[in-house]
Amino acid sequence: MTTDTVTRPDIETGVWTLDKNHTKVGFTAKHLMVTKVRGHFDTYEATVEIADDLTESRIDATFDSASLTTGAEDRDGHLRSNDFFDVENHPTIKFVSTDITQDGDTWKITGDLTIRDKTHPVTLDASYEGNAVDPWGNTHVGFIARAKINREDWGLTWNAALEGGGWLVSKDVMIEIEGQLIRPS
């Protein structure tokens, strides 16, 4: 059933932060064009300012580039090198929202994503997963947000051609954030 009215989830206005114990900021890329390699960032900061009109809310997030991990030391070292994130010269990745709209049960969160000092707009498809109060009185809001980006837009162009055709690493990277916002009591 489609409706033209905005359904506002039951989220209190004010400043929220990511609950790092219950949030995963991940990415997925194809390797050899046949399997997916998954990784995530261990260190990040994010604040979300929830407005009365959710479309006027704001998200500001910073990720430590060196904290990326895929579970393979050699691959992680290569991703941190100048071939990819160049963490020595570009220690952070930044996302700042510029527009939030509702499309049915999905929220579109558009913002500026900065990697290696290059900034491009990205739109995340986000879903509200509900909220709950923990035993200590803190309110949590669950969400999932996803976007597909072309890594080459940010200068992450290293690759190797495969003998049978295709590339070692896909150009498309899926970003997926699954987690919780927390508002202490």
Side-chain angles (χ1 to χ4, degrees), residues 1-28 38-69 85 90-151 153-154 156 172-185:
M1 181 171 153
T2 309
T3 177
D4 291 337
T5 61
V6 172
T7 304
R8 187 189 193 293
D10 185 23
I11 304 172
E12 289 180 40
T13 60
V15 177
W16 295 70
T17 59
L18 280 179
D19 178 350
K20 294 179 186 177
N21 293 324
H22 300 100
T23 297
K24 187 163 193 171
V25 178
F27 55 89
T28 306
R38 290 170 174 39
H40 65 272
F41 293 92
D42 285 329
T43 307
Y44 48 85
E45 299 280 329
T47 56
V48 178
E49 296 175 34
I50 302 293
D52 282 328
D53 177 349
L54 282 179
T55 63
E56 295 177 9
S57 298
R58 182 170 164 78
I59 300 165
D60 191 336
T62 303
F63 308 91
D64 177 359
S65 302
S67 76
L68 72 84
T69 182
F85 289 100
H90 307 282
T92 60
I93 296 169
K94 184 102 171 130
F95 178 82
V96 177
S97 65
T98 56
D99 187 51
I100 299 174
T101 59
Q102 186 179 21
D103 183 12
D105 291 335
T106 302
W107 291 85
K108 303 282 187 186
I109 302 170
T110 300
D112 291 329
L113 178 63
T114 303
I115 302 173
R116 291 181 62 128
D117 293 335
K118 290 182 171 66
T119 303
H120 296 284
V122 170
T123 299
L124 296 156
D125 292 325
S127 63
Y128 168 71
E129 300 295 308
N131 64 52
V133 177
D134 68 24
W136 301 274
N138 302 303
T139 303
H140 297 255
V141 171
F143 69 94
I144 297 172
R146 294 182 179 98
K148 180 167 68 171
I149 64 169
N150 180 332
R151 65 185 174 86
D153 291 344
W154 286 268
L156 305 173
D172 289 338
V173 175
M174 290 299 300
I175 298 170
E176 182 172 86
I177 304 166
E178 184 168 355
Q180 293 180 20
L181 298 175
I182 185 170
R183 180 153 185 188
S185 59

### Task
Start with the C-alpha gap between T47 and E45, add the side-chain angles, then the distance that decides, and say whether side-chain hydrogen bond (donor to acceptor under 3.5 Å, both in side chains) holds.
CA-CA 7 Å; T47 56; E45 299 280 329; over 6 Å; no
### Message
Could you walk me through whether R116 and W154 satisfy the side chain to side chain contact (heavy atoms under 4.5 Å, CB included) test, starting with their C-alpha distance in whole Å, then the side-chain angles of each, then the deciding distance to 0.1 Å, before giving a yes or no?
### Response
CA-CA 7 Å; R116 291 181 62 128; W154 286 268; 5.7 Å; no
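Using modelled atom types, one finds a donor on one side chain and an acceptor on the other under 3.5 Å when comparing H40 with D42.
Taken to the nearest 0.5 Å, the CD1 atom of I93 stands 8.5 Å off from the CD1 atom of I175. The line from CG of L124 to CD1 of I149 is 10.0 Å long, rounded to the nearest 0.5 Å. Rounded to the nearest 0.5 angstrom, N131 CG and I182 CD1 are separated by 12.5 Å. A distance of 9.5 Å separates CG in D103 from CG in D105, rounded to the nearest 0.5 Å. The distance from the CG atom of L113 to the CG atom of D153 is 10.0 Å, given to the nearest 0.5 Å. With values rounded to the nearest 0.5 angstrom, N150 atom CG is found 9.5 Å from L156 atom CG.
Across every non-hydrogen atom of A51 and S57, the tightest pair is N-OG, 3.0 Å. Across all their heavy atoms, V122 and A147 have their closest contact at CG1-CB, 3.8 Å. Here the closest heavy-atom approach between residue V15 and residue R183 is recorded as O-CD, 4.1 Å.
Using cut-offs of 30° and 60° on the angle between ring planes, the pair F27 and F41 is tilted. Classified by interplanar angle (parallel below 30°, tilted 30° to 60°, perpendicular above 60°), the ring pair Y44/F63 is tilted.
Contact annotation: the side chain of F85 never approaches that of H90 to less than 4.5 Å [non-hydrogen atoms, C-beta and beyond]. Contact of the E12 side chain with the I50 side chain is not registered, since no non-hydrogen atoms from C-beta on lie closer than 4.5 Å. Put simply, the side chain of T139 reaches to within 4.5 Å of the side chain of W16, judged on heavy atoms. Residues L54 and Q102 fail the side-chain proximity criterion, which asks for heavy atoms closer than 4.5 Å. Side-chain atoms of I177 and F143, non-hydrogen and from C-beta on, do get closer than 4.5 Å to each other. Looking only at side-chain heavy atoms (C-beta outward), L181 and H140 stay at 4.5 Å or farther from each other. In this structure the side chain of I109 reaches within 4.5 angstrom of the side chain of F95, judged on heavy atoms. Side-chain contact check for E56 versus E49: every heavy-atom pair is 4.5 Å or farther apart.
No donor-acceptor distance shorter than 3.5 angstrom exists from the side chain of T110 to the backbone of T98, with no hydrogens or angles considered. At distances below 3.5 Å, at least one donor-acceptor pair connects side-chain atoms of T23 with backbone N or O atoms of Q180.
For the salt bridge (Lys or Arg N to Asp or Glu O under 4.0 Å) with E176, the qualifying choice from R146, K148, R38 is R146, the only one to do so.
Salt bridge status for K94 with D60: present, with a side-chain N to carboxylate O gap under 4.0 Å.
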